[in-house]
Amino acid sequence: MPIDLRSDTITQPTRGMREAIATAEVGDDVLGDDPTVRQLERFVAGLLGKEAAVFMPSGTMTNQIALRTHTEPGDEVILESQAHIYYYEGGGPAALSGVMCRLINGDRGVFTAADVETVLRPADVHFPKTKLVCLENTHNRGGGKIYPLSEIDAIAQVCKQHGLKLHLDGARLWNACIATNTPEEQYVKAFDSVSVCFSKGLGAPIGSALAGSHDFIKRARRFRKMFGGGMRQAGMMAAGAIYALKHHRAHLKEDHLNAQTLAKGLAEIPEIIIDPTAVETNIVVFHTKMLRAQVLVDRLKLKGVYVLPVGPKSIRAVTNLMVTEEQILQVPDLVDLSLNES
């Protein structure tokens with residue numbers, strides 16, 4: 001059986017989740033008739049301490065609809081330079097919202113309140129209007145870096161002073177909360193909108209939610225329809241998400257422990273560069289000293305270990321619901337063996 005560490009999106013529904021999906025009560029979600037979708041939206045809004053939420057097919061859609069809901073064409077959005085919204089969402093800010101992206105180079109995806117102050121433009125007809133600041137927690141390209149709550153609060157104060165909205169790409173918010181033992185509601189209190197995913201570490205087959213005020217979500221529903229995200233009998237998908245929230249959140253702690261085990265094992269290999277203390281959640285990024293990343297990835301695949309190259313000599317492994325501690329313990333030896341092949 002392959003040891004698949006390409007992403008936490010590769011998870012398969014568990015038996016209990018499949019039963020929940022098969023027996024879900026459904027209706028027409030666009031018409032507001034799907035009781036399981038409504039249950040999920042209320043559940044998520046309650047967890048996040050927001051007035052309302054709306055269920056969507058993907059995290060890309062929840063993020064992009066958040067941008068469209070907060071802004072008008074020609075506005076400016078402040079993002080970290082490696083943010084998923086900017087880096088991995090197909091040019092959505094430009095194509096779907098007509099907004100400009102003002103980028104900040106953060107430390108593994110984390111920038112500060114002072115950084116925000118530095119890039120704010122004066123009110124002038126020559127400049128776009130800055131409307132929104134977006135953060136990502138945990139940060140994907142930052143190697144699962146957790147955004148410190150104290151820094152979030154400081155950024156929120158800057159936003160409040162300058163009349164800016166604050167959005168969270170919380171695709172892996174659940175990981176940040178488990179790792180820091182912080183309730184979701186507390187972690188996202190400062191945000192005007194929050195996107196969360198069910199199809200990553202939680203192991204649901206599909207789905208994300210966008211949460212915020214009643215008025216914000218009412219406007220977001222219009223853009224969901226416009227962008228093609230209106231769904232019919234979506235309760236089956238929502239049932240998987242509900243099951244994941246109730247049964248799989250605690251498992252994220254095991255993913256984090258497995259990531260630490262993997263990082264410490266890789267650190268023992270002379271030809272690998274990694275700092276285990278930088279591994280905060282379930283994403284492990286390591287670097288080869290000599291061998292190109294793609295070569296090592298290809299060699300490992302032949303041995304049943306699936307990882308992804310994220311740079312010329314950088315590789316990402318993501319622990320997840322489908323990978324056991326026993327499997328993780330095998331990976332460092334297989335990496336060492338692959339490195340030494342002629």
For the residue pair Asp115 / Thr112, report whether a side-chain donor-acceptor contact shorter than 3.5 Å exists.
yes

Tell me whether the count of non-hydrogen atoms from other residues, nucleotides or ligands lying under 6.0 Å of CD in Glu25 goes above 12.
no

Closest non-hydrogen atoms of His256 and Asn282, given as atom of the first, atom of the second and distance, are CD2-N, 3.6 Å

Could you walk me through whether His70 and Ser193 satisfy the side-chain contact (heavy atoms from CB on, under 4.5 Å) test, starting with their C-alpha distance in whole Å, then the side-chain angles of each, then the deciding distance to 0.1 Å, before giving a yes or no?
CA-CA 9 Å; His70 281 302; Ser193 59; 2.8 Å; yes

Contact between Leu120 and Leu164 at the side-chain level, heavy atoms closer than 4.5 Å - yes or no?
yes

Under a 3.5 Å threshold, yes or no: a donor from one side chain and an acceptor from the other, between His139 and Gln82?
no

On a heavy-atom basis, which atom in Leu300 and which in Ser338 lie closest, and how many Å separate them?
CD2-OG, 3.5 Å

Quick one: does Leu210's side chain get under 4.5 Å of Phe216's, heavy atoms only?
yes

Going from CZ on Arg18 to CE on Met236, what distance comes out if it is rounded to the nearest 0.5 angstrom?
13.5 Å

Salt bridge Glu72-Arg219, side-chain N to carboxylate O under 4.0 Å
yes

Rounded distance (nearest 0.5 Å) linking atom CG of Leu266 with atom NE2 of His287:
11.0 Å

Report the distance from atom CZ of Phe286 to atom CG of Asp275, rounding to the nearest 0.5 Å.
14.5 Å

Is there a side-chain contact (heavy atoms from CB on, under 4.5 Å) between Arg172 and Thr281? Walk through the geometry before answering.
CA-CA 9 Å; Arg172 294 183 175 89; Thr281 51; over 6 Å; no

Check Glu151 against Ala113 and note the closest heavy-atom contact, atom names and distance.
OE2-N, 2.9 Å

Does Val119 share a hydrophobic cluster with Tyr147, counting links as ILVMFWY side-chain heavy atoms below 4.5 Å and allowing steps through other members?
yes

Please answer: with hydrophobic residues joined when any side-chain heavy atoms are less than 4.5 Å apart, are Ile21 and Leu321 in the same cluster?
no

Taking C-beta and beyond as the side chain, do Glu136 and Glu80 meet within less than 4.5 Å on heavy atoms?
no

Is the shortest side-chain N to carboxylate O distance from Arg224 to Asp29 below 4.0 Å?
yes

What heavy-atom pair brings Thr36 and Ile242 nearest, and what distance separates the two atoms?
O-CD1, 3.7 Å

Find the distance between CG (Asn137) and CG (Asn175) and round it off to the nearest 0.5 Å.
9.5 Å

Check for me, please, whether Ile78 and Phe191 land in the same ILVMFWY cluster - side-chain distances under 4.5 Å, paths through other members count.
yes

Test log, rule side-chain contact (heavy atoms from CB on, under 4.5 Å), inputs Trp174 and Leu245:
CA-CA 9 Å; Trp174 319 111; Leu245 285 168; 3.6 Å; yes

Would you say Glu41 and Val54 make side-chain contact, with heavy atoms under 4.5 Å?
yes

Do Phe111 and Val116 come within less than 4.5 Å of each other through their side chains, counting heavy atoms only?
yes

Is there a path of hydrophobic side-chain contacts, each under 4.5 Å between heavy atoms of I, L, V, M, F, W or Y residues, that connects Ile269 with Ile274?
yes

Between Asp33 and Arg38 (salt bridge meaning N to carboxylate O under 4.0 Å), is one present in this structure?
no

Working to the nearest 0.5 angstrom, can you tell me the gap between Asp333 CG and Glu268 CD?
11.0 Å

Could you tell me whether the side chain of Thr288 reaches within less than 4.5 Å of the side chain of Glu271, counting heavy atoms only?
no

Under the side-chain contact (heavy atoms from CB on, under 4.5 Å) criterion, do Gln161 and Glu117 qualify, and how do the steps go?
CA-CA 10 Å; Gln161 292 167 12; Glu117 291 274 16; 3.9 Å; yes

Is the closest basic N to carboxylate O distance between Glu76 and Lys131 below 4.0 Å?
no

So with a 6.0 Å cut-off around CE of Met61, is the heavy-atom count from everything else above 12?
yes

Check Leu166 against Ala190 and note the closest heavy-atom contact, atom names and distance.
CD2-O, 3.9 Å

Report yes if some heavy atom in the side chain of Tyr86 is under 4.5 Å from a heavy atom in the side chain of Ser81; otherwise report no.
no

Checking Arg68 against Phe227: charged group under 6.0 Å from the ring centre and within 45 degrees of the axis?
no

Hydrophobic clustering (ILVMFWY, side-chain heavy atoms < 4.5 Å, transitive) - are Tyr88 and Leu96 grouped together?
no

The side-chain contact (heavy atoms from CB on, under 4.5 Å) partner of His167 among Thr62, Asp192, Asn63 is Asn63

Could you tell me whether the side chain of Asn140 reaches within less than 4.5 Å of the side chain of Arg316, counting heavy atoms only?
yes

Looking at Arg121, I want to see if its CZ is surrounded by more than 12 non-hydrogen atoms of other residues, nucleotides or ligands under 6.0 Å.
yes

Salt-bridged, Asp75 to Lys129, with N to O below 4.0 Å?
no

Between atom CD of Glu185 and atom CG of Leu48, what is the distance when rounded to the nearest 0.5 Å?
8.5 Å

Let's go through Gln294 and Asp298 carefully: what are the C-alpha distance in whole Å and the side-chain angles of both, what is the deciding distance for side chain to side chain donor-acceptor pair (under 3.5 Å) to 0.1 Å, and is it a yes or a no?
CA-CA 6 Å; Gln294 187 63 60; Asp298 292 341; 2.9 Å; yes

Salt bridge between Glu184 and Lys189, side-chain N to carboxylate O under 4.0 Å?
no

Lys218 atom NZ, over 12 foreign heavy atoms within 6.0 Å
no

For Cys134 and Leu132, work out which heavy atoms get closest and say how close.
SG-CD2, 3.7 Å

